[in-house]
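Have a look at the structure below, then the notes.
Any value given below was found using the heavy atoms of this structure, including those in side chains, with hydrogens, waters and symmetry copies removed. The chains referred to below are lettered A, B, ... by the order of the sequence lines, with proteins before strands, and numbering in each begins at 1.
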2 protein chains.
Amino acid sequence: MSRKKEILKTATLLFATNGFNETSMAEVAKASGVATATIFYHFNSKDDLFLSVLSNVKDGILEEFSQYFGEKTFESGLEMLEGSVSFYLYLAGSRSEWFLLLHRYYPYKLAEENETCRRHLEDIYNCFVDIFEKALVQGQADGSIGSLPPRKTALVILSTVDGIVRFKNCNLYDAGALYNELIACIRKMAANQNQKQ
Amino acid sequence: MSRKKEILKTATLLFATNGFNETSMAEVAKASGVATATIFYHFNSKDDLFLSVLSNVKDGILEEFSQYFGEKTFESGLEMLEGSVSFYLYLAGSRSEWFLLLHRYYPYKLAEENETCRRHLEDIYNCFVDIFEKALVQGQADGSIGSLPPRKTALVILSTVDGIVRFKNCNLYDAGALYNELIACIRKMAANQNQKQ
DNA sequence: AATAAAACTGATTCATCAGTCAGCTTAACT
DNA sequence: AGTTAAGCTGACTGATGAATCAGTTTTATT
């Protein structure tokens with residue numbers, strides 16, 4: 001792996017686990033096995049490094065989801081919804097550094113003044129909401145999902161799933177222990193209640 | 001107001017809006033209209049100041065909820081659940097600094113090594129979950145709420161509501177715009193589906 | 001082999017910040 | 001009025017951290 005990629009990978013992990021302001025460039029350098037000045041050769045500033053990290057995370061998330069939905073087919077919109085939620089939780093476990101990073105405050109703070117950062121975050125969250133929305137719309141077409149506003153309901157579902165991941169990241173409650181109840185709640189919330197399955 | 005309380009109030013606001021590590025003691029001092037050394041006269045360290053802030057927030061939250069449930073009575077468990085959710089959202093708006101603080105990462109980081117911090121956070125989240133759980137149990141007794149595990153379902157509901165507040169705090173989506181859908185989702189999720197109202 | 005460009009680094013700079021301390025001011029009590 | 005303690009402060013310290021820069025090493029090209 002090139003030095004630049006090595007630095008990016010290390011920085012992602014450190015920013016995610018310890019936070020942006022809590023991580024010094026010297027730490028990133030040491031953990032990457034390079035001199036501090038080397039980081040500044042590859043990245044203009046600490047913020048620039050952060051934006052590259054975030055861009056990488058975005059690419060990773062979009063890639064993972066497009067791959068999952070490229071391979072998988074679903075019997076109904078409701079199943080697609082459940083699959084999406086499950087995959088979100090799976091990803092939050094296997095690529096926890098991505099979600100830890102997104103559950104810190106720094107990205108959103110930076111987004112207030114930085115167009116690029118704002119766009120990355122929008123892309124990521126639109127990806128999430130779009131997927132849930134698509135499942136809801138498809139479910140309404142095939143009759144597995146009841147009548148409800150798809151975009152806003154997708155946002156409510158995202159906040160539920162995202163909230164559970166946050167609980168895990170903050171050591172408040174284990175996400176795995178809530179998996180069955182989460183799926184049950186989402187099913188009741190979305191399923192077409194006139195048509196018993 | 002005593003100087004000490006003035007400092008606490010200012011620190012709460014600054015830690016909430018800018019973050020703990022992003023706020024210097026000099027800033028807190030200036031915004032409180034005292035000398036930096038004065039803060040160290042009243043508080044042993046920056047962490048000690050933070051713990052006092054968190055303790056204050058805890059007292060405020062517990063007080064607000066006990067007051068709300070002391071005044072209000074509900075026709076059914078389902079109505080109590082909806083009332084609780086509404087009050088949570090109302091509080092997250094009127095006392096946004098409390099919830100901003102709780103949506104930062106520092107408290108949870110500190111909780112890993114600090115018993116007092118951990119206890120404060122547990123008290124706060126137990127307060128939230130207990131309220132939702134109590135509503136669910138009551139609703140199951142009066143028939144307004146269906147059969148579901150109350151504690152875990154309460155946690156799922158908390159993550160939904162908390163997730164929506166986080167979206168608002170991160171400027172991702174307006175909580176108010178999702179209010180109706182949130183209530184609708186929670187109703188479908190919890191309501192006794194055999195007994196149409 | 002010579003040359004140029006790219007990659008990398010040690011040493012340094014300048015700013016910031018948590019925390020200290022010696023001494024000053026105010027309030028309370030006798 | 002005198003005494004004491006609590007409240008408060010300006011000036012300082014030592015540590016840390018982002019960023020710079022002059023110079024060295026490596027790589028690619030001719």
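With sequence neighbours excluded, no residue forms a salt bridge (Lys or Arg N to Asp or Glu O under 4.0 Å) with A:E75. Remark: B:E71 engages no residue in a side chain to side chain donor-acceptor pair (under 3.5 Å) (not counting sequence neighbours). Considering only residues two or more places apart in sequence or on other chains, B:Y105 meets the ring-ring contact (aromatic ring centres under 6.0 Å, His included) condition with none of them. Applying the ring-ring contact (aromatic ring centres under 6.0 Å, His included) criterion to A:F40, with sequence neighbours excluded, gives no partner residue. With sequence neighbours excluded, the residues that form a side chain to side chain donor-acceptor pair (under 3.5 Å) with B:Y125 are A:R166, B:Y108. With sequence neighbours left out, the salt bridge (Lys or Arg N to Asp or Glu O under 4.0 Å) criterion links B:E82 to B:R187.
Taking the 5' to 3' direction, DNA chain D first and last meets chain B under 4.0 angstrom from a heavy atom at D:dA6 to D:dG10.
Both B:H42 and A:F40 lie close to DNA chain D; mapped to their nearest nucleotides by heavy-atom distance, the more 5′-ward contact belongs to B:H42.
Atom-to-atom, CG of B:N21 to C1' of C:dT16 comes out at 13 Å; the value is rounded to the nearest Å. Taking atom OH of B:Y41 as the reference point, atom P of C:dG19 lies 18 Å away to the nearest angstrom. Atom pair A:I7:CD1 and C:dA7:P shows a separation of 12 Å (rounding to whole Å applied). As rounded to whole Å, 17 Å separates atom C1' of C:dT20 from atom NZ of B:K46.
Residues in residues 1-23 of chain B take part in these ring-ring contact (aromatic ring centres under 6.0 Å, His included) pairs, two or more places apart or across chains: B:F15-B:F20, B:F15-B:F50, B:F20-B:F50, B:F20-B:Y106. Each salt bridge (Lys or Arg N to Asp or Glu O under 4.0 Å) pair with one or both residues in residues 121-140 of chain A, not counting sequence neighbours, appears once here: A:K58-A:D123, A:D130-A:R151, A:E133-A:R151. Counting only residues at least two apart or on different chains, the side chain to side chain donor-acceptor pair (under 3.5 Å) pairs with a member in residues 28-39 of chain B are B:T10-B:S32.
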Distances for protein N or O near nucleotides 10-15 of chain C N or O, under 3.5 Å:
none

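Near-neighbour residues of DNA chain D inside residues 22-30 of chain A, defined by a heavy atom below 4.0 Å, number-ordered: A:T23, A:S24, A:M25.
Put simply, the residue from A:L102, A:T116, A:N126 that forms a side chain to side chain contact (heavy atoms under 4.5 Å, CB included) with A:L121 is A:L102.
A close approach under 4.0 Å does occur between a side-chain nitrogen or oxygen of A:R3 and OP1 or OP2 of C:dC8.
Look at B:R3 and B:E6 and you find no salt bridge, because none of the NZ, NE, NH1 or NH2 atoms lies under 4.0 Å from a carboxylate O.
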